[in-house]
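Remarks on the structure that follows.
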Amino acid sequence: MSRAAQGMPEGSSSDAPLSSPVVSAPSSQSSKPPRVLACTLCHQRKVKCDHNFPCSNCIKSGAECVPTVPARRRPRRQIAKRDLLKRLRRYEELLLRSNINFESLPDSSSLVETSFSTEVDHGSDDDENSEPVDGTESPSPSATAKSERGLSYETKSFWHAMNQSRDDIENQSNCPSYEDRETMVKKAWEQLSGDNILLILGSRKTAANLSHLHPEPIQIFRLWQVYLDNVNPLIKVIHPPSTQGRIIEAMGNLRQISPPFEALLFSIYSMAVLSLSEEDCQTFFDCPREYLLSRYQYGCQQALLNSRFLRTNDRECLTSLFLYSMSIGLSTDPVTLSSILGITHRIARRIGIHNEGITRKHDPFEAEMRRRLWWSFALFDDRMGGMADFKSASLGPTWDCSIPLNVNDSDLWPHMKQAPAARGFSTDATHVVVRAQIGEFIRHSKFHLDFTDPSLHAVARDAQRVEVPDLAALEKMIEEKYLKFCDPDIPLHFLTIWMTRGHMAKHRLVEHYWKHDGSTPNEAAAEANVDATMSHAFTMLECDTKVMTQPTTRGYTWLYNFYFPFPAYLQIIKELRRCPVGKHAERAWGLMDENFAARLSTTSTYHSPLFKVFATTVLPAWDAREAALKESGQTLTPPAMVIEVRKGLVQMGQSTQDGYFPKGADQQPGNGTNMNDLGFSVSMPTSLGINGLLSEMSNGGHGSHGGTEAGIFTGLFGQTPPEEMNPGNWPAMGWGFGG
DNA sequence: AACATCGGACTTTCAAACGG
DNA sequence: CGTTTGAAAGTCCGATGTTG
């Protein structure tokens, strides 16, 4: 056995890899060739690595060869010294007891204490994320802030409470304070778990070098520009003026980026690619969109692992996790995504970005970025929760994070002393502020809570702002305070105007269902109900079509792919089945046809279970209309939507004569479908197709009905045989559609 | 038989201690 | 400030287990 060769990086000399060599001693200025570490897989498997990239082992096993970055060297442990001194003191005691004379060390007991403190200091040595506790971990008790509504949402500190009752004896001793103990306990947990807790995105013992996954500098800049154009205006979780310089700096040395910032970079790339079309990706990057997306999402995963994101206190790391979650949103199912968002939610709450009391302890810039992140997260989480039939998503009354300020990016700067005043006109942040305003109302509203968690009514009552008593008042306020200042010629403003109006219509529709459970006193009232619901549904479709057909807002559709207006379709189809040639029919078919053309007609695939559900919802309504008109001797040309849908069914190998609900249509295991291709926005396993669509209905708007109606629709359809999905049966199945 | 896992012997690195 | 020390980091052999 040639042990002499062990530990020698054999590939480190002439045959060093062309890319991704890892320098283990960056501080060294010597001309020594950089040390190349074994790749993560060889390291983990404890086998000889040839130090090439990719290495022969990885090539052989078909694994991705990920170079290792050297672990941060931990300071030496002081514990041995402490043990020695402790032991020495014990032996001295024994000598004393045995009446043996000896020369004692001067005050060895104090030395023990000293070294104990030293040990505490070194306890957290290796945690890259153990950045200074910035007030987020253990809020000072004196600062238990009351929110502007008089309610305190900040929790008491158990450790501090213990400290309050500390007796004098303990005060006099050299015992660490309870706050110190809290830190010690936390650090001990970190030491105990090491890096083996990285269970979510995989686990590895060593950090990976990701420099080879970054695009070329010019492409980094292009992706950043795409992010600024398409993504940032809709969520505002990154502050461009202060981030751009850091990106340029990072481009200079991609190997020295801090893990959280690297995660942020990859999340920016991922979101930028998400917002681009296939053609754009080919034109700008000469690569398939799918390839770019998975490459940068993989980079983001690895960077998050390097950042130890599960233990992070870093707002930017959390931002990366949020953006990463969004970027996978269109290619995974809502249940999985909702679970991942659950982790994000837990981290966010641990950091305290939902809590105004904690947020206000930060400088105005950081506080504002925390609010923007929380609101974007809460709205998205709520949307995904709704689609996953998870009723207790983020949008509830149990937190007090303020609405982001309506300010321009140039009004904010890191370490600013005074928070900027909100502008009285439209700004860079208007879109997110309007979304938050609606979310703020919805999360306290009775109809929302009745559909999510009625036990929170008392909390909502205490916190509800009186100045916005109902949806009509909210709509008026939003129109006058924000939309009035929007210029429809500016794409973002155009989007803000029409999406807001569409979402308001959706909330009115939901509220209507909540108020009117189907029992109407007379014919006239029933007619008025139908008129109202149809009017809301029409508005939803009109607004959605406006946005989806506007070429200048094409870059923004990535977000609104999550919001297919299925509630409108269901409401309209239900009414058309009831009354195929009624007063609403003409307009209804026209609007659905236009919306279908804007949302779905470009699809080339008809193999989705969601398409089947859509088809089997629409076609019976058209057949009913045809039959009714035939009776009166009229003939009709079917709208393009009906022709397309029929064509799609034929392509699927299903004849309409076989019935609209082919056997097992929704029961094929593992038949995942990317609904983005259909404009439905999510990919989901077949078995989730119906619920997903239903939650689309439940949540077709603003992401404000987390789990609201989803459960109701699931209750209606979740376990029912396909035949019972006939919209004609809806009213009989427990939920009042007003019929 | 081929491949994967992992204990542990061994080497390398470098922060801290030491000594002049 | 150069040298020494020794703990931490890194390498990978070879025994053993698993799989096809």
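Each chain gets a letter, A, B and so on, in the order the sequences are listed, and its residues count up from 1.
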For the residue pair A:S320 and A:L304, establish whether any side-chain heavy-atom pair is separated by less than 4.5 Å. yes
Rounded to whole Å, please give me the gap between CG in A:D50 and C1' in C:dC12. 13 Å
Could you tell me the separation between the CZ atom of A:R315 and the OG1 atom of A:T359, rounded to the nearest 0.5 Å? 10.5 Å
Nearest to the A:A38 side chain among C:dT11, B:dA4, B:dT5, which nucleotide is it? C:dT11
From the candidates C:dC12, B:dA4, B:dC6, the one with an atom nearest any side-chain atom of A:H51 is C:dC12
For atom NZ of A:K60 and atom P of B:dA2, their distance in whole Å: 10 Å
Between P on B:dT5 and CD on A:Q44, what's the gap in Å once rounded to a whole number? 8 Å
Residue list, ring-ring contact (aromatic ring centres under 6.0 Å, His included) with A:F285, at least two apart or on another chain: none
note: A:L41, atom CG; B:dT5, atom C1'; distance rounded to Å ~ 12 Å
Who pairs with A:Y296 by ring-ring contact (aromatic ring centres under 6.0 Å, His included), at least two apart in sequence or on another chain? A:Y269
Without decimals, in angstroms, what is the distance between A:K46 NZ and B:dA4 P? 16 Å
At under 4.0 Å, does any side-chain N or O of A:H43 touch on OP1 or OP2 of C:dT11? yes
Picking from C:dG10, C:dC12, B:dC3, which would you name as closest to the side chain of A:K48? C:dC12
